[in-house]
Amino acid sequence: MTQFCLSFQNFRSHQRKAHTSEAAINNSLADVTRMTWKMMGLQGITGQDFKTTYLSLAGYEKLLAWFDKMDVNIKTVLNYTKNFMQFMKYVNIDMDLLLVSNDQGEFNRLSCLQIHISNSRSGLDSGVFELHKRQMNSKPMPPAPAEVKRVLTVAKDDFDRAMDELRKKDDSGPILTKTRVAFINRYITAYLCLGQGIRVGAAENMHGSEFQAAYNGERTLSDLGNPHIVVHVANHKTKVSQDCRIALNSYWTDIFYLYFRYVRIIIFRLKNATHPYFFTQSDGRHFKKVSDGIEKLQKQYKVAKITSSTARCAWETWVESRPEAQRKLVADYLCHSAEVARSHYKHGFAKTSIDALAAL
DNA sequence: GTTCATCTGTGCCCCTCTCC
DNA sequence: GGAGAGGGGCACAGATGAAC
């Protein structure tokens, strides 16, 4: 029997060496842990230690049945399986376990199990694709841009009042209550996510220094001659897009500057904060509950809940009626290719089907 | 067109903290 | 002291681009 608690630890360092983010590692390890414990439990194994022999075909099939019984979404089952396969591959090459030389039989057994799970995974993939097609066909049209931005409209007077207070401040002293700071953080990040379709990760990962660099640089003029700044967010990237950009007109440039000078800097001084991020909580910590914040803002102002994902869908769908050049511009700004926009965000097939019938 | 690999976002529960 | 806002963390779901 080969214990693999060692492998479990080494799996983390293995992923770190591959430059996988801590969030992704944690997510992957959590999935593997849950799967393993559940698999053991379903097989009646109550031991506190892990052994590779606990990983079995019967256990995996019982686990699939359990997921089915609990009505877990097939996408989730697929994600669990993917993470688990990655872990199994690692176990078989783990230099500390040395299964291939120390326990050839166990090495072969796990290799066979990997093949079987890989086959099951193909079935899950097909199921997810079918589900995706059904969702794309039945999903209703996303809200119109005005609806997406509703909370920004109804809360604007309160927000402008808060910023006016900041304009009258000098650089010293405590300035804002916890609630006030939370409101400002929520409104500004809601503007980025709902008003511009920026992903919450981009708002969360924007650095103070990135804003400073943009603010101190030259202004870029729009076609109408209005000055803008463009903040490059390097710490949020997808495979193709090397970075994310946040464009701000003169109104928002002023707002961001006020925030940076009278909220972030004073909080940093009072709380001895050191993190690099732009958005800061009243306690000095990194503000990273953007989607929660948007929901709470919408609840506070009694408007419909619209998430950042829905907002992206709404903007992508809205831009469908615009010229091709504009669609590409928007796709690029939202950090994905135009092809991705077509395959992942297009909605309203139900409506277009009815329109087509009417035209026949 | 479909599958694979990976990373990111959302919802919810529960605990802590602030303000009245 | 209590109500409710704020925040941490887990589980699940979705997004995204590359490879096949």
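Predicted model only: the values in this text are computed from it and were never measured. Just so it is clear: chains get the letters A, B, ... in the order the sequence lines come, proteins before strands, and each one is counted from 1.
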Handout entry: Interatomic distance, Asp292(A) CG vs dT10(B) C1' [rounded to whole Å]
Key = 8 Å
Exercise for the section: Say whether Tyr191(A) and Gln196(A), considering side chains only, have a donor N or O and an acceptor N or O under 3.5 Å apart. Expected result: yes
Practice task
Rounded to the nearest angstrom, tell me the gap between atom CZ in Phe287(A) and atom P in dG7(C).
Solution key: 7 Å
Practice task
Would you tell me if any nitrogen or oxygen in the side chain of Ser291(A) comes within less than 4.0 Å of OP1 or OP2 on dT10(B)?
Solution key: yes
Fill in the blank from the handout: Whole-Å distance, Lys289(A) NZ to dT16(B) P, equals 15 Å
Completion exercise
Whole-Å distance, Leu297(A) CG to dG6(C) C1', equals 14 Å
Handout entry: Rounded distance in Å - CD1 (Ile306(A)) to C1' (dG9(B))
Key = 17 Å
Handout entry: SB check Asp160(A) Lys156(A) (cutoff 4.0 Å)
Key = yes
Exercise for the section: Return the value, rounded to whole Å, for the distance between atom CZ of Arg186(A) and atom P of dG6(C). Expected result: 4 Å
Practice task
Considering just the side-chain nitrogens and oxygens of Gln281(A), establish if one lies under 4.0 Å of OP1 or OP2 belonging to dG6(C).
Solution key: no
Exercise for the section: Without swapping roles, check the side chain of Arg150(A) against the backbone of Ile306(A) for a donor-acceptor pair under 3.5 Å. Expected result: no
Handout entry: For atom CD1 of Ile294(A) and atom C1' of dA5(C), their distance in whole Å
Key = 18 Å
Practice task
Rounded to the nearest angstrom, tell me the gap between atom CD in Gln300(A) and atom P in dA3(C).
Solution key: 21 Å
Exercise for the section: Scan Phe183(A), Trp252(A), Phe278(A) and name whichever one has a side chain to side chain contact (heavy atoms under 4.5 Å, CB included) with Ile188(A). Expected result: Trp252(A)
